[in-house]
There are 2 protein chains.
Amino acid sequence: MDDVRTLLKHHGLRYSKPREAILSYFAERDSHVSAESLYLALRQRGEHLSLSTVYLNLGALKEAGLIRELGGISGEAFYDSNISPHYHLVCKSCGAVVDLPLEVLDGTVVTQRVKEHAEEHSGWRLEEPKLTILGVCPDCQAPKA
Amino acid sequence: MDDVRTLLKHHGLRYSKPREAILSYFAERDSHVSAESLYLALRQRGEHLSLSTVYLNLGALKEAGLIRELGGISGEAFYDSNISPHYHLVCKSCGAVVDLPLEVLDGTVVTQRVKEHAEEHSGWRLEEPKLTILGVCPDCQAPKA
DNA sequence: CTCCCTGCAAATCCTTTGCATACAG
DNA sequence: CTGTATGCAAAGGATTTGCAGGGAG
């Protein structure tokens with residue numbers, strides 16, 4: 001349990017109970033959560049924290065590079081503890097979010113190449129590209145049974 | 001000026017003054033606008049319309065395929081009249097949005113390939129991928145003069 | 001002891017909605 | 001005429017902020 005304290009310290013963050021709760025949530029389920037759903041999940045575990053604390057900490061953990069924000073899904077932001085580059089598919093119907101392994105493209109991280117080319121040619125300094133593709137998941141495609 | 005009427009009709013939309021104003025705005029400047037900035041720009045031209053009408057019509061024009069929405073920039077949505085596939089760079093500092101020509105990647109529309117691979121392997125049905133990379137534009141990188 | 005974090009509630013930002021009126025087809 | 005678009009204002013959802021108290025270092 002001291003892991004959390006050192007992890008936080010290494011990233012310039014203080015320890016707090018909400019932070020531990022959030023980090024252990026991510027450690028267990030390597031999932032894509034919204035602030036609201038994370039808040040509800042932690043409350044159900046008996047944790048005492050407020051929604052604003054969840055927002056604050058998701059922001060802090062993101063700044064620290066411990067988690068990543070998935071942009072522009074549908075109003076609400078999702079967070080992912082998987083830091084390594086990968087893409088996401090989001091179902092417009094049920095909201096499901098799944099990872100899209102990089103392997104689908106012959107092991108080439110194409111967005112990385114786009115970024116590098118863009119930096120060379122444009123003079124911009126860029127972050128890691130995020131690729132999220134909207135669509136309909138297999139379940140939602142099926143006619144209602 | 002009858003262009004607008006026919007254009008709208010061909011896309012199953014009625015004519016209205018706000019619609020004409022919005023379309024001609026896009027026709028002149030091939031730019032990336034938010035609902036708010038479009039609203040202000042049109043008011044300054046003397047157009048009488050409301051912000052909700054702008055939202056409604058941006059939605060309608062998007063549905064009709066006349067404009068495209070750029071997802072996940074920073075809370076507010078941007079719209080682009082350039083329908084052809086291309087990427088965007090967004091400056092975190094000043095909010096500038098610029099096009100990233102596809103040429104930077106040897107003419108290969110990589111996100112398209114990602115989409116196709118994903119559809120084959122995952123069973124999802126996907127929309128066109130949108131790639132927006134956050135960063136800092138050359139102007140904002142310069143030390144204040 | 002100092003500063004950062006928390007909780008709560010109020011505030012803010014962007015977008016959508018309800019409803020009566022006006023206009024296109 | 002019929003139906004859809006408009007304007008206004010009010011509602012809505014997601015996130016941020018202000019402030020006083022509490023805990024970390």
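Quick note on labels: first sequence line is chain A, next is B, and so on, each numbered from 1. These numbers were taken from a predicted model, which means no experiment stands behind them.
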Worksheet item: A:Arg5 CZ to C:dC5 P: how many Å, rounded?
Response: 14 Å
Item to complete: Measure from CG on B:Asn57 to C1' on D:dT4 and round the result to the nearest Å.
Response: 11 Å
Worksheet item: Which one, C:dG7, C:dT15, D:dG23, comes nearest to the side chain of B:Tyr55?
Response: C:dT15
Worksheet entry | Residues A:Arg45, A:Glu28: salt bridge by 4.0 Å N-O rule | yes
Response to the item:
A:Leu51 atom CG is separated from D:dT16 atom P, nearest whole Å, by 11 Å
Worksheet entry | Proximity to the side chain of A:Tyr15 - top-ranked nucleotide from D:dA5, D:dA24, C:dT6 | D:dA24
Item to complete: Determine, for B:Lys115 against B:Glu128, whether the closest basic-nitrogen to carboxylate-oxygen distance falls under 4.0 angstrom.
Response: yes
Worksheet item: Contact class for A:Ser16 (heavy atom, under 4.0 Å): base, sugar-phosphate, or nothing?
Response: sugar-phosphate
Worksheet item: For the side chain of B:Ser52, counting heavy atoms from C-beta on, which of D:dT6, D:dA9, C:dT15 is nearest?
Response: D:dA9
Response to the item:
Rounded to whole Å, the OH-C1' distance (A:Tyr39 to D:dG13) equals 16 Å
Discussion item. Under a 4.0 Å threshold between the charged nitrogen and the carboxylate oxygen, would B:Lys92 count as salt-bridged to A:Glu127?
Written reply: yes
Worksheet entry | A:Arg14 side-chain proximity, nearest of D:dG25, D:dA14, D:dA5 | D:dG25
Discussion item. Using whole Å, what does the distance between atom C1' of nucleotide C:dC4 and atom CD of A:Glu63 come to?
Written reply: 16 Å
Response to the item:
In terms of heavy-atom contacts, A:Tyr25 and A:Ser31 come closest through CE2-OG, 3.9 Å
Practice prompt. Could you check which of D:dA5, C:dT6, D:dC8 has an atom nearest any side-chain atom of B:Arg19?
Written response: D:dA5
Worksheet item: Roughly, in whole Å, what's the span from CD in A:Glu47 to P in C:dT6?
Response: 12 Å
Item to complete: Just call it for A:Ala77: base, sugar-phosphate, or nothing, with non-hydrogen atoms closer than 4.0 Å on any strand.
Response: sugar-phosphate
Worksheet item: A:Leu56 near the nucleic acid: base, sugar-phosphate alone, or nothing, with a heavy-atom cut-off under 4.0 Å?
Response: base
Item to complete: Rounded off to whole Å, could you give me the CG-to-C1' distance for the B:Leu13 and C:dA24 pair?
Response: 13 Å
Practice prompt. Check the distance between D:dT6's P and B:Leu8's CG and give it to me in whole angstrom.
Written response: 10 Å
